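Input: a single structure, listed below in structure tokens.
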2 protein chains.
Amino acid sequence: MKIKNYYKNLPHKTIERLSQYRRALMICLDNGKTHIFSHEIANIQHITSVQVRRDLMLIGYSGTLRKGYNIQDLIEVISHIIDDEEGIKVAVVGMGNLGRALMKYVRGKRHKLEVVAGFDTNEEKIGKEYKGVTCYSIDDLEKVIDELNIKLAILTVPAKYSTETAEKLVDAGIKGILNYTPKPIRVPEDVYLEEYDMITTLEKVAFYIKMHQEKEGE
Amino acid sequence: MKIKNYYKNLPHKTIERLSQYRRALMICLDNGKTHIFSHEIANIQHITSVQVRRDLMLIGYSGTLRKGYNIQDLIEVISHIIDDEEGIKVAVVGMGNLGRALMKYVRGKRHKLEVVAGFDTNEEKIGKEYKGVTCYSIDDLEKVIDELNIKLAILTVPAKYSTETAEKLVDAGIKGILNYTPKPIRVPEDVYLEEYDMITTLEKVAFYIKMHQEKEGE
DNA sequence: TTTTGCCTGTTATTTGCTTAACAATGTGCT
DNA sequence: AGCACATTGTTAAGCAAATAACAGGCAAAA
């Protein structure tokens with residue numbers, strides 16, 4: 001239990017990188033590699049080897065001096081930290097273009113993260129299956145989330161429904177929300193929220209393109 | 001020219017928030033509001049008023065003491081900073097589910113950011129239009145990007161083609177890439193790169209759900 | 001056997017950003 | 001007029017994360 005609390009203090013950015021290291025390591029393993037150096041991982045991720053070693057130090061995993069890290073072991077250690085043993089059930093709320101694309105994108109990628117339901121208000125979609133996942137009515141949110149033990153929701157409804165849908169999700173007992181809606185939502189302390197706004201990101205890229213152009217014109 | 005260099009030093013996070021402030025402000029303006037307080041903006045974005053004021057200080061915009069900020073003016077100031085006067089042309093590279101969803105999502109949202117082309121390798125898609133945007137062959141990347149003066153690319157090809165497609169984009173003269181592929185890419189210094197990995201984000205949310213569960217079980 | 005070089009693991013420093021603290025100022029109320 | 005107060009704008013402190021610096025150790029080469 002002490003150890004688990006320790007992991008809780010890992011930097012957010014380290015958690016993100018561990019997820020990425022693991023995927024890279026699995027590819028290496030498939031290619032028949034058994035050991036890997038910090039600078040090799042760094043090269044794949046385009047970061048520095050110091051950062052890799054520091055992340056691995058934080059999770060308490062040690063490599064061997066001339067052989068580097070044992071890939072199989074490291075994958076297991078990372079999995080033990082970031083995966084839930086039981087697996088976490090996911091719902092896609094809002095089965096528009098983006099919702100459906102994300103469902104397809106995520107489906108089967110990680111066996112500890114399973115998309116088990118979609119939700120929408122559109123009568124035509126309700127009851128239908130998409131990629132083997134049933135689409136339910138948002139009116140049945142609470143019931144379905146409870147019955148299927150869904151903990152995580154990907155929110156892809158139109159922006160004007162963000163707030164009310166988020167409230168319903170929280171009431172239904174959801175423990176984490178990934179909000180892809182351009183409208184920020186608010187959740188209680190015990191619900192983990194991650195927001196991502198594509199328009200903002202696009203505008204940011206555009207801004208730095210513009211800045212670079214202007215620098216050139218000096 | 002001095003002023004432009006000054007904007008170049010704005011924190012990345014401030015740029016992101018400016019984009020979000022602007023959208024919120026436009027909605028307020030539509031609702032007939034003319035002035036707004038920092039704490040009102042903060043409430044909409046779920047951040048603190050201090051942060052809003054600090055951001056506005058950094059861009060050198062001043063409000064009035066008892067009336068707050070003039071919404072119309074502030075929108076113009078932000079637009080002047082983050083928008084390119086000519087507008088920036090965008091291409092979606094990889095017209096799979098995610099690519100098409102993003103195209104629809106972005107289309108028409110911001111008139112200074114126009115999606116003017118899609119690219120794919122699938123013969124069936126090439127030459128077709130999607131939402132009024134033509135899908136070209138990836139073989140014509142360089143030609144089309146040059147002819148249509150495209151500066152920004154949204155990369156949504158399958159992961160195994162990330163690297164080679166990114167190289168083609170760079171060779172074609174693209175100045176900014178938004179990589180939605182789970183595989184990190186590398187670009188020269190003069191190309192701005194922003195990467196976003198949905199699987200990582202999902203796993204991060206799942207991790208914090210798991211952590212919270214375990215804390216409860218103590 | 002000694003030395004060189006290449007790794008890992010840890011501590012220290014720096015950087016970038018957020019949050020806190022507070023000074024300044026004009027408006028409305030008494 | 002004078003006081004209380006809401007609000008802005010700025011400076012200072014605090015925090016989280018990245019980077020740098022370096023100590024330790026083994027393996028192969030000389």
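Nothing here was measured: the structure is a model prediction, and the numbers come from that model. Naming convention: chains lettered A, B, ... in sequence-line order (proteins, then strands); numbering from 1 in each chain.
Spacing between atom CD1 of B/Ile15 and atom C1' of C/dG16 amounts to 14 Å, rounded to whole angstrom units. One can place CD1 of A/Ile41 at 11 Å from P of C/dG9, the figure rounded to the nearest angstrom. Distance, B/Gln51 CD to C/dG16 P: 17 Å, rounded to whole Å. Atom CD1 of B/Ile47 and atom P of C/dT18 are 9 Å apart (whole Å). Straight-line distance from the CD atom of B/Gln45 to the P atom of C/dT18: 13 Å, rounded to whole Å.
In the region residues 52-76 of chain A, proximity to DNA chain D at under 4.0 angstrom, judged on heavy atoms, holds for A/Arg54, A/Leu65, A/Arg66. For DNA chain D, none of the residues of residues 178-189 of chain A falls under the heavy-atom distance limit of 4.0 Å.
Pairing each heavy atom of A/Leu193 with each of A/Asn179, the nearest pair is CD1-CB, 4.2 Å.
Looking at heavy-atom distances under 4.0 Å, B/Thr14 makes no contact with the nucleic acid at all.
Under the 30°/60° scheme for interplanar angles, the aromatic rings of A/Tyr192 and B/Tyr208 are found to lie parallel.
Using a 4.5 Å heavy-atom threshold, the side chains of A/Arg23 and B/Asp197 count as touching. Between A/Met103 and A/Met95 the shortest side-chain heavy-atom distance falls below 4.5 Å. Contact check for A/Glu195 versus A/Ile185: side-chain heavy atoms found under the 4.5 Å cut-off.
A/Gln51 contributes no side-chain N or O that, together with a main-chain N or O of A/Thr48, makes up a donor-acceptor pair within less than 3.5 Å.
On the nucleic acid side, DNA chain D has its first and last nucleotide under 4.0 Å of a heavy atom of chain A at D/dA17 to D/dA27, going 5' to 3'.
A salt bridge (Lys or Arg N to Asp or Glu O under 4.0 Å) with A/Asp83 is found for exactly one of A/Arg110, A/Lys112, A/Arg22, namely A/Arg22.
To the nearest 0.5 Å, atom CD of residue A/Glu194 and atom OG1 of residue B/Thr200 are 10.5 Å apart.
Side chains of A/Ser19 and B/Lys204: no donor on one and acceptor on the other come within 3.5 Å. Between the side chains of A/Thr181 and A/Tyr161, no donor-acceptor pair of N or O atoms lies under 3.5 Å.
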Side chain to side chain contact (heavy atoms under 4.5 Å, CB included) between B/Ile154 and A/Leu202, intermediate numbers included: CA-CA 9 Å; B/Ile154 301 176; A/Leu202 256 188; 4.0 Å; yes

